[in-house]
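Because only heavy atoms are used, hydrogens play no part in the values below, and waters and symmetry mates are left out as well, while side chains stay in. In the text below, chain A, chain B and the rest are named by the order of the sequence lines, each starting its count at 1.
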Amino acid sequence: MYRRERSIPLRGSAAPLCNNLSVLQLSARKLTYFGVVHGPSAQLLSVAPEGVPLAQRQLHAKEGAGVSPPLMTQVHWCVLPFRVLLVLTSHRGIQMYESNRNTMVYWHALDSGDASPGTWSGRVLVFDIPVKGPNIILSEELAGHQTPITDIATEPAQGQDCVADMVTADDSGLLCVWQSGPEFTLLTRIPGFGVPCPSVKLWQGIIAAGYGNGQVRLYEAATGNLHVQINAHARAICALDLAPEVGKLLSAGEDTFVHIWKLSRSPESGYTEVEHCHGECVSDTQLCGARFCDSSGSSFAVTGYDLAEIRMFSSV
Amino acid sequence: MSVRTLPLLFLNLGGEMLYILDQRLRAQNIPGDKARKDEWTEVDRKRVLNDIISTMFNRKFMEELFKPQELYSKKALRTVYERLAHASIMKLNQASMDKLYDLMTMAFKYQVLLCPRPKDVLLVTFNHLDTIKGFIQDSPTILQQVDETFRQLTEIYGGLSAGEFQLIRQTLLIFFQDLHVRVSMFLKDKVQNNNGRFVLPVSGPVPWGTEVPGLIRMFNNKGEEVKRTEFKHGGNYVPAPKEGSFELYGDRVLKLGTNMYSVNRPVETHMSGSSKNSASRTQESIAPNPLAKEELNFLARLMGGMEIKKPSGPEPGFRLNLFTTDEEEEQAALTRPEELSYEVINIQATQDQQRSKELAQIMGEFEIMEQPRLSTSKGDDLLTMMDEL
């Protein structure tokens, strides 16, 4: 069970974009970083234990070419083996920063064309990141989607059974499953069914996908077979997150609800099973972001449209 | 963000504007044979609505509107509605115009937020158009214009995917972000809380295409269901009864976007529930706007397409008050934030010679809303009027 903790105030309310919350936990320093998009900027906060806010800063979307000021679309901390990068995306391009400084290490401009940025065409851009320094290179562009990409999930491939490394989702609900290597290879495609898939996660060879009709579906990554279908929310799902240590899944919807699910494999059949653990209603708030704050899923945070704070919950 | 949002934004806000003006004009209605020259009659009301609707659905104007383009600022859009509201014999003071715009925006924000599916915003638009057609039943030419717009909407939006509608919805919500004006009718009906936030119910029918939450189904590799469990969702939902019609005529099912004003319900707003709200609104207006030039171009193109019917011969401007009394309107005018005035646009216009020429022409057609001392405004106290004669 979870109970509500002290909220963290935001300078500006969260934009009604999907997956609009990123969390980075620095357990060694007992700090948690939060990132939320508001209009043309990303608000970044560092918070001490007990939810005590320490510092706040804002980063703006780079102007680039074009007439209107760009709106930011996503903020995300990418945890790589040797470094952590803060990635901001807007319609103008992709900005990457060192996680703890305001210096931009890389800027990739997207083609403006007819006012349609690159990844809206469905291309997945793959960047090679060096251990340190700004020498980031665009190494691959993956084709597989025809509509804008909504989310990307990755997991280190484990053992012989789990070959899949990456899942990409798009506005039509299509999921593409990839295997990494010198180049990425497309393993399988899971077609949509008329609604977007705004959020996707990968865990131990299981794909968890949240859809615009409120359903959460779990697939086997290697084959694309549907294993579980949950009628989870009464409105579109806006965010999913996983606590990998314990196999807990978090789903947040525009219906004001957050749900926590426990994923497992049946010992007899080996098929994926799901159990509902907890539900929380954030009254009168259309949610837009949700994350576990630690890999064991003992606490989670949510953001909502027009809500100028991050709501925090932790387990009792 | 979606470049197909403007027509939906404009038509729905325009629809709300017509509902409010219709209600207000009816409330001040005097039977034709008993009315003085300065009082609103049924004939006047119909004329005002006819003039505004025919300007709104003018072909050239609609052509500009439907071009794929980004949304411009609230200030730029408000300028268009101010011009539209003055397309007839009716005049509005700045305070009344503010109140009208607040009511329009909060109503449509409510409708977008409560739309079950993103695609339902199209049904909301059709609800507005259906009611607008009711206002101009006696004018076949204008009816044709509205039907033509209906066809254009179906052509452009009929084939959009759920993902594209989701993007349109997000674009609209971003436009309305942080607006929390309290509207007394919404407060009374309990659809808005005292802090200005709308109530999002967790009961009722689910959207068309969504299942009632609560079921977990598990399958084997052959796709056969092997296990089924239920969980407690927390809400109280029921299945959707049927899908609304997207045809020219049909049962829309959805009530959002229908006329919720009636003669007996006064339209009141509370301007910003707390100082924090007004501060954030002010900040948005006074922040340096790098878009100013583009916005001027947009306004020039859009309003250039508006054909305003000039009343032939000298006709006094009949003022409509959105407040209950003239004193209330004066009071509201005094507390109006300065940033809402239009000096800012004018100053920037003169810096660009070519644009300023076009804009000066358009602005010249605007009638400045000061209260001329000798005007006969409908609703004035009889005694005051006699003093001025």
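Residue with the most contacts toward chain B among Asp284(A), Asp255(A), Asn225(A), Asp171(A): Asp284(A) (heavy-atom pairs, distance under 4.5 Å). Ranked by heavy-atom pairs under 4.5 Å with chain A, the first of Gly163(B), Pro201(B), Gly234(B), Gly214(B) is Gly163(B). Heavy-atom pairs under 4.5 Å with chain A were tallied for Pro118(B), Pro207(B), Gly223(B); the largest tally goes to Pro207(B). Of all the listed residues (Thr229(B), Ile216(B), Asn221(B), Thr210(B)), the one sharing the greatest number of non-hydrogen pairs under 4.5 Å with chain A is Asn221(B). Contact tally against chain B (heavy-atom pairs below 4.5 Å) for Gly270(A), Ser283(A), Gly39(A), Ala14(A): the top residue is Ala14(A). Interface remark: of the candidates His233(A), Gln215(A), Glu280(A), His233(A) forms the most heavy-atom pairs closer than 4.5 Å to chain B. Among Ala162(B), Pro68(B), Gly209(B), Pro213(B), the residue with the largest count of heavy-atom pairs under 4.5 Å with chain A is Pro213(B). Between chain B and the options Asp170(A), Leu218(A), Val274(A), heavy-atom pairs under 4.5 Å are most frequent for Val274(A).
The side-chain contact (heavy atoms from CB on, under 4.5 Å) search around Glu268(A) returns Ser266(A), not counting sequence neighbours.
Between Gln177(B) and Asp306(A), some side-chain heavy-atom pair lies under the 4.5 Å cut-off.
Taken to the nearest 0.5 Å, the CG atom of Leu200(B) stands 11.0 Å off from the CZ atom of Phe257(A). For the atom pair CD (Glu254(A)) and CG (Leu113(B)), the distance works out to 9.0 Å, reported to the nearest 0.5 Å.
Between the side chains of His276(A) and His233(B), not a single donor N or O lies within less than 3.5 Å of an accepting N or O. Side-chain contact, Asn220(B) with His227(A): no donor N or O sits under 3.5 Å from an acceptor N or O.
Using a 4.5 Å cut-off between heavy atoms, Arg169(B) touches chain A through its side chain atoms alone. Contacts between Lys109(B) and chain A at a heavy-atom distance below 4.5 Å involve the side chain alone, from C-beta outward.
For residues 226-238 of chain B, the salt bridge (charged side-chain N to carboxylate O under 4.0 Å, His left out) pairs, not counting sequence neighbours, are Glu273(A)-Lys227(B), Glu225(B)-Arg228(B).
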